[in-house]
Amino acid sequence: MSDHQLRTRTPAGPAPAPRTPGGSRAAAAFRAAAPALAVYAAARALGLLAFWVAASAAGRDPLGSLSGRWDSVWYQRIAEHGYRYTVTLPDGSVHSDLAFFPLLPALERAVSAVTPLTLGGAGLLVAWTAGLLAAWGIFAVGAHLRGRRTGVVLAALWGVCPTAFVQSMAYTETLFTALAAWALYAVLKGRWIVAGALCVLAGLTRPSAAALIAALAITAAVALVREYREERRAGPVLRRNARMIAGVALAPLGWLAYVVFVAVREGSPVAYFDVQAQWGNNIDGGRALAAFIAGLPWPAALGLCAALGLLGWLVVLCVRQRQPLPVLVYAIAIVVISLIGAGYFGSRPRLMMPAFPLLLPPAVALLRLRTTGRTAAVLAVLACASAAYGAWTLLGAGPP
């Protein structure tokens, strides 16, 4: 019997209950996710409160620090004027706004047009709303794999990770993570067209959508090869998996559309990659990272190597945990993409934040504590540490 038949065959038993109307299903799903959303929102509220107090004490504008610095400014400029801005640095390199993908600026412009919010305020509203949707999607994946309690803790851990302060900024991390989490959930539920459509939107959000595209493609390829080996007839296998194939074909269209847009605009088929290289985001296989570590004082170098070792151990634990193929491929691909570029190394932890499946082993470990109170206490300590670190980082000079 093929894997497809195993997945679709239902055991004998009572007749299934009548289908619940769509609105009732959505309400039931929201009620199931409510604890995860509440814990996530509380963690982010604590982070915002800590930063607000610290910024006010330092005489800084809290909202301006969240919506009007670093990449946020580039997104708002695109939302207001379109793609037309470049900066020439003293060393002669040119930074173009074409390095930034269009979905977040489009949403900022749309929200600002229908509300009294400025583009900066619209960016924060989009990011905060997407953060809740991301927490919901992360909960859905965790609950599907390990049960509701794991889903709640997984969403909470994502909200208290060291770089979680970026989730409160007008950046693309929350939007991308929301699209990725729900796309992976759709794959796990066999809804390939939905997964492909979400992947299209992710491809209009960040270049790291390549990780999500790879997760869908590799999962589908493995399933098709396995079924073909069992039946030795390509026709029935392809017909039976038509929706899977369509979803995979749909997945890269958003990313490809933007790459083609930049190519046409700049008159070169490799223009997008040239733009990224000018920003220092070209792929070098990790050579720049190795050189960066080698140039650090030895205590800092040892600390960074220890952090990379911990990251590698999390990947090993995910493999040992036998996470489903799409989830595992996505997480590993996000890590690899984040480490093999030659760009600004201070941003690498932020770039890896969408790899939420890496938090599944710690979530399971936390649930092994004897009482719910102990799990909650650990999460509370992590939330306080994350809030303090976020406030300190956001008050610094360099981008996250």
Side-chain angles (χ1 to χ4, degrees), residues 3-4 7 99-104 106-107 130 133-134 136-138 140-141 144-145 172-228 234 237-264 269-270 272-273 276 283 318 323-338 340-341 351-358:
D3 282 0
H4 176 82
R7 289 194 302 268
F100 297 89
F101 279 56
L103 185 57
L104 177 59
L107 291 174
L133 291 174
W136 191 351
I138 291 169
V141 172
H144 179 82
L145 298 180
T172 58
E173 271 68 23
T174 55
L175 180 59
F176 176 76
T177 305
L179 293 167
W182 283 109
L184 291 174
Y185 181 72
V187 171
L188 294 174
K189 300 293 283 186
R191 298 167 185 163
W192 284 90
I193 301 297
V194 174
L198 291 170
C199 200
V200 169
L201 295 176
L204 293 171
T205 306
R206 293 186 61 83
S208 49
L212 193 57
I213 296 167
L216 268 65
I218 292 174
T219 301
V222 169
L224 291 173
V225 169
R226 185 177 295 145
E227 289 195 32
Y228 176 75
V237 170
L238 295 177
R239 285 194 298 271
R240 190 165 55 242
N241 293 282
R243 296 180 69 83
M244 176 193 291
I245 296 169
V248 172
L250 186 64
L253 295 185
W255 186 87
L256 287 174
Y258 186 67
V259 171
V260 170
F261 164 77
V262 177
V264 172
V270 295
Y272 167 75
F273 303 99
Q276 292 290 355
I283 302 299
C318 290
Q323 293 183 7
L325 186 60
V327 176
L328 190 61
V329 170
Y330 166 76
I332 293 175
I334 287 287
V335 171
V336 171
I337 290 172
S338 302
I340 63 174
L351 298 179
M352 284 186 277
M353 189 170 57
F356 67 89
L358 295 179

For the residue pair Tyr330 and Ala180, what are the closest heavy atoms and their distance? OH-CB, 3.4 Å

Output the distance between atom CG (Leu179) and atom CG (Leu201), rounded to the nearest 0.5 Å. 5.5 Å

Does Val194 form a side-chain contact (heavy atoms from CB on, under 4.5 Å) with Val187? I'd like the steps, not just the answer. CA-CA 8 Å; Val194 174; Val187 171; over 6 Å; no

Rounded at 0.5 Å granularity, tell me how far CG in Leu250 sits from CD1 in Ile213. 10.5 Å

Euclidean distance, Ser338 OG relative to Met352 CE, rounded to 0.5 Å: 5.5 Å

Quick one: list whatever passes side-chain hydrogen bond (donor to acceptor under 3.5 Å, both in side chains) with Tyr272, sequence neighbours left out. Gln276

Could you note down all residue pairs passing side chain to side chain donor-acceptor pair (under 3.5 Å) where residues 192-208 supplies at least one of them, sequence neighbours left out? Thr172-Arg206, Glu173-Arg206, Arg206-Ser208

Any side chain to side chain donor-acceptor pair (under 3.5 Å) pairs touching residues 244-254, not counting sequence neighbours? none

Using the test side chain to side chain contact (heavy atoms under 4.5 Å, CB included), find all partners of Leu188 that sit at least two apart in sequence or belong to another chain. Val141, His144, Leu145, Pro324, Pro326, Val327

Could you state the interatomic distance from CD1 (Ile245) to CG (Leu224), rounded to the nearest 0.5 Å? 5.5 Å

Closest heavy-atom pair and its distance - Gly247, Ile193: N-CD1, 3.9 Å

Taking every heavy atom of Gly137 against every heavy atom of Ala181, the minimum-distance pair comes out as C-CB, 3.7 Å

Any salt bridge (Lys or Arg N to Asp or Glu O under 4.0 Å) pairs touching residues 175-192, not counting sequence neighbours? none

Can you list the residues that meet the side chain to side chain contact (heavy atoms under 4.5 Å, CB included) rule with Ala333, with sequence neighbours excluded? Ala211

What heavy-atom pair brings Val248 and Pro252 nearest, and what distance separates the two atoms? O-CD, 3.2 Å

Inter- and intrachain pairs under salt bridge (Lys or Arg N to Asp or Glu O under 4.0 Å), touching residues 254-264, at least two apart: none

Step by step, work out the side-chain contact (heavy atoms from CB on, under 4.5 Å) result for Met244 and Leu216. CA-CA 9 Å; Met244 176 193 291; Leu216 268 65; over 6 Å; no

Could you pull out the closest heavy-atom pair between Ala195 and Ala183, with the gap in Å? CB-O, 3.6 Å

Using the side chain to side chain contact (heavy atoms under 4.5 Å, CB included) criterion, which residues pair with Val336? Sequence neighbours excluded. Ile332, Ile340

What residues form a ring pair (Phe, Tyr, Trp, His ring centres under 6.0 Å) with Phe261, not counting sequence neighbours? Tyr83, Tyr258

Strictly by salt bridge (Lys or Arg N to Asp or Glu O under 4.0 Å), give each pair with a member in residues 174-187 just once, sequence neighbours left out. none

What verdict does the side-chain contact (heavy atoms from CB on, under 4.5 Å) test give for Leu212 and Leu198, after you've listed the backbone C-alpha separation in whole Å, the side-chain angles of each residue and the deciding distance to 0.1 Å? CA-CA 10 Å; Leu212 193 57; Leu198 291 170; 6.0 Å; no

Locate the shortest heavy-atom distance separating Pro357 from Cys318; write the atom from each residue and the value. O-SG, 3.5 Å

Of all residues at least two apart in sequence or in a different chain, which pass the ring pair (Phe, Tyr, Trp, His ring centres under 6.0 Å) check with Phe356? none

Test of understanding: with side chain to side chain contact (heavy atoms under 4.5 Å, CB included), list the residues that count as partners of Ala134, not counting sequence neighbours. Trp158, Thr177, Ala178

Any chance you could measure Leu103, atom CG, to Phe176, atom CZ, to the nearest 0.5 Å? 11.5 Å

